[in-house]
Number of protein chains: 2
Amino acid sequence: MVVTPGNAAEPCRGCDARALSVCSVIEDKDLCRLASLTHVEAVEPGREFITEGDPADDFFNITAGTAKLFKMLADGRRQITGFAQIGHFLGLAARNRYSFSAEAVDRVRLCRFSRPRLRRLLDDYPAMERRLLDVASNELVAAQEQMLLLGRKTAVERVASFLLGQMAHGGLRGGSPRVIHLAMGREDIADYLGLTIETVSRSFTRLTGDGAIVRHEAANIEILSLDRLRSLAGEGG
Amino acid sequence: MVVTPGNAAEPCRGCDARALSVCSVIEDKDLCRLASLTHVEAVEPGREFITEGDPADDFFNITAGTAKLFKMLADGRRQITGFAQIGHFLGLAARNRYSFSAEAVDRVRLCRFSRPRLRRLLDDYPAMERRLLDVASNELVAAQEQMLLLGRKTAVERVASFLLGQMAHGGLRGGSPRVIHLAMGREDIADYLGLTIETVSRSFTRLTGDGAIVRHEAANIEILSLDRLRSLAGEGG
DNA sequence: CGTTATCTTGACGTACATCAAATGTCGTGG
DNA sequence: CCACGACATTTGATGTACGTCAAGATAACG
């Protein structure tokens, strides 16, 4: 599973995720050291690479693809707490066990850091610790937003908000600005929004009927009216 | 509103919250400097001291009482994202505007730090930044747990989980181990759990019927069977 | 003690879940 | 290229947990 990079000396220099991730604080001249600390891996779709409750020995940085982060109840009910994409840093646990599981949605590439190694890196680069605090703060803001969604929004509002969120992510990478490609299926969307697949599907249908979107192949959603979508999301009034 | 401490030189030394908060990383000899950076304030019940969208000029440290943190939708729907109690650090925003509001539940005492002053303090005490990262990580774990609750748990499971959480907090401070005093009313509990006050009330009634708890004055809940409460919370099977 | 706010209980409505079937999508092999 | 099967998504019919509306019960307060 471990993929040896083509150029063993400098896998980090050409990394697409670098500018988007905590690694951006490492200066060019020290990239070599950064590269020596990490293992690049590929994870096949459906494969779980973090398991809730396991010792949190490693940290991860997503460099390609999409992973889902989730928690489960004993009887199988699942809540996806977020999707991790390029540049996303994973594994902050505070305690020494993971508090969630992570599974690849499509083919994921990631860098794995061992906890003690990252600790040493943080000691040498205080700016990186600051950057991590920023990352954690942003995730906290996103988590609060999601609590509002899960606790108080209707099904249609949830799906509309989800699309707006996915658009924000897609916007970072190029691509046609009005068409969103969803890497995850309806079941993952449902488990992210606290709904069932049927209700998610019906909500897409209603958004279509309201003229906010058009579905192309279920995974490709075209935004017809951003204003209408915003209004249906319940945030912009 | 600003309360001048009795002993202006060292309000931090005798602070009840110090051991529980980020301030614990400051050595005794430097407490004087810490004290010079902060303003101690009292906030009356019902008073809002952070407003979502306002410039995030200050950080806060709760030293007594309970505050609720919340977000609202345009039409008045509200989601309480957490309750902040002694030792809780508030104001991490990443962007320069608050992403949530905060209001005192009962009488709150807090320390206010201006953003640039805290920044300088962090530069001098790298350990404090590390501590803040731990704090943020713990909050992230709690937020994920709450997402599971809001997205996938039933009303009774939510209320049982809430009581277990409040017990964990109450356990830190002395007091009778089996009786929980709830600082907040039913409306706040409902807005925290994504329910209505009626459903919260009915869930308390069901927990009572199941022999898990007894209500004394609506605000004082006695735990009769921790096992039964855990099982009803849906986590321990 | 009355007055008022908060909490509990009851009757009923509704948004979403569940169960079930139809339709669409995609990979595989004829 | 088309036929087939497996799986994902959509649509429909019905059930239910929780919300809404309304009335009592209880506690807080002057």
Side-chain angles (χ1 to χ4, degrees), chain A residues 45-46 68 73 75-79 105-106 149-163 180-210 213-222 232 234, chain B residues 44-46 68 73 75-79 105-107 149-163 180-210 213-222 232 234:
Chain A
K68 55 190 175 198
L73 293 171
D75 61 4
R77 282 174 287 174
R78 185 177 68 158
Q79 179 64 39
V105 172
D106 50 14
L149 180 151
L150 292 170
R152 291 304 182 203
K153 287 189 183 177
T154 66
V156 171
E157 287 171 340
R158 294 183 199 199
V159 172
S161 301
F162 168 71
L163 288 176
I180 305 171
H181 179 76
L182 301 174
M184 67 295 292
R186 293 295 186 264
E187 177 141 37
D188 286 342
I189 298 174
D191 282 348
Y192 180 55
L193 299 178
L195 301 169
T196 59
I197 50 178
E198 293 94 332
T199 299
V200 169
S201 185
R202 278 187 253 268
S203 300
F204 274 120
T205 303
R206 279 202 48 193
L207 291 178
T208 304
D210 290 347
I213 64 167
V214 184
R215 277 172 289 186
H216 291 284
E217 298 92 22
N220 289 32
I221 310 283
E222 179 177 355
L232 287 164
Chain B
E44 295 305 311
K68 54 192 175 198
L73 292 171
D75 61 4
R77 282 174 286 173
R78 187 178 67 157
Q79 179 64 39
V105 173
D106 50 14
R107 172 176 271 255
L149 180 150
L150 291 170
R152 291 304 182 205
K153 287 189 183 177
T154 67
V156 170
E157 287 170 340
R158 293 182 199 200
V159 172
S161 301
F162 167 71
L163 287 176
I180 305 171
H181 178 76
L182 301 175
M184 68 295 291
R186 294 295 186 263
E187 176 140 40
D188 286 342
I189 298 174
D191 282 347
Y192 180 55
L193 300 178
L195 301 169
T196 59
I197 49 178
E198 293 93 332
T199 299
V200 170
S201 185
R202 278 187 254 269
S203 300
F204 273 120
T205 303
R206 278 203 48 194
L207 291 177
T208 305
D210 290 346
I213 63 168
V214 184
R215 278 172 288 185
H216 291 283
E217 299 92 21
N220 289 31
I221 310 284
E222 180 177 355
L232 287 163

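Please read these numbers as outputs of a predicted model, since none were measured by experiment. Below, chains carry the letters A, B, ... as their sequence lines are ordered, and counting in each starts from 1.
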Just by modelled atom types, is the B:I197 backbone N or O under 3.5 Å from a matching donor or acceptor in the B:S201 side chain? no

Can you measure A:R186 atom CZ to D:dT10 atom C1' for me and round it to whole angstrom units? 9 Å

Which residues within residues 187-195 of chain A lie with some heavy atom under 4.0 Å of an atom in DNA chain C? A:G194, A:L195

With side chain to side chain contact (heavy atoms under 4.5 Å, CB included) as the criterion, how do B:D191 and B:Q79 come out once you've worked through the C-alpha distance, each side chain's angles and the decisive distance to 0.1 Å? CA-CA 5 Å; B:D191 282 347; B:Q79 179 64 39; over 6 Å; no

Contacts of B:Y192 meeting ring-ring contact (aromatic ring centres under 6.0 Å, His included) (sequence neighbours excluded), chain-then-number -> B:F83, B:F162

Separation of D:dA17 atom P from B:L150 atom CG, nearest Å, is 19 Å

To the nearest angstrom, the NZ-P distance between B:K153 and D:dA17 comes to 18 Å

Check the pair B:D106 / B:M184 against side chain to side chain contact (heavy atoms under 4.5 Å, CB included), numbers first and verdict last. CA-CA 8 Å; B:D106 50 14; B:M184 68 295 291; over 6 Å; no

Taking atom types as modelled and ignoring hydrogens, do the side chains of A:R158 and A:T199 form a donor-acceptor contact shorter than 3.5 angstrom? no

Pairwise 5' ranking along DNA chain D for A:G185 and A:R152, keeping only the more 5' one: A:G185

When B:T205 and A:A218 are each assigned the nearest nucleotide of DNA chain C, the 5'-most assignment goes to B:T205

If you fit an axis to the five pairs at each end of the helix from C:dT8-D:dA23 to C:dG30-D:dC1, how big is the angle between those two axes, to 10 degrees? 40°

Answer whether the closest heavy-atom distance between the side chains of A:N220 and A:L182 falls below 4.5 Å. no

Other residues, nucleotides, ligands: >12 heavy atoms within 6.0 Å of B:R107 CZ: no

So do the side chains of B:I221 and B:V214 get within less than 4.5 Å of each other, counting heavy atoms only? no

Check nucleotides 28-30 of chain D for protein N or O atoms closer than 3.5 Å to its own N or O atoms and list the pairs.
none

Please list, for nucleotides 18-21 of chain C, all pairs of protein and nucleotide N/O atoms separated by less than 3.5 Å.
| from | atom 1 | to | atom 2 | distance (Å) |
| --- | --- | --- | --- | --- |
| C:dT18 | O4 | A:R202 | NH2 | 2.8 |
| C:dC19 | N4 | A:E198 | OE2 | 3.0 |

Strictly below 4.0 Å, N to O, side chains only: are B:R78 and B:D188 in salt-bridge contact? yes

Contact check, side chains of A:I189 and A:L195, non-hydrogen atoms, under 4.5 Å: no

Electrostatic pair A:R152:B:D75 at N-O distance under 4.0 angstrom: no

NE2 of B:H216 versus P of D:dT26: gap in Å, rounded? 16 Å

Rounded to whole angstrom units, what separation is found between the CE atom of B:M184 and the P atom of C:dC7? 12 Å

By salt bridge (Lys or Arg N to Asp or Glu O under 4.0 Å), which residues pair with B:E157, not counting sequence neighbours? A:R77

Between C1' on D:dC18 and CZ on B:R206, what's the gap in Å once rounded to a whole number? 12 Å

Could you tell me how far apart B:R215 (CZ) and C:dT6 (P) are, to the nearest whole angstrom? 18 Å

Does some side-chain heavy atom of B:E222 sit less than 4.5 Å from a side-chain heavy atom of B:H216? yes

Does a side-chain heavy-atom distance below 4.5 Å link B:R206 with B:L232? no

Check the distance between C:dA17's C1' and A:R77's CZ and give it to me in whole angstrom. 13 Å

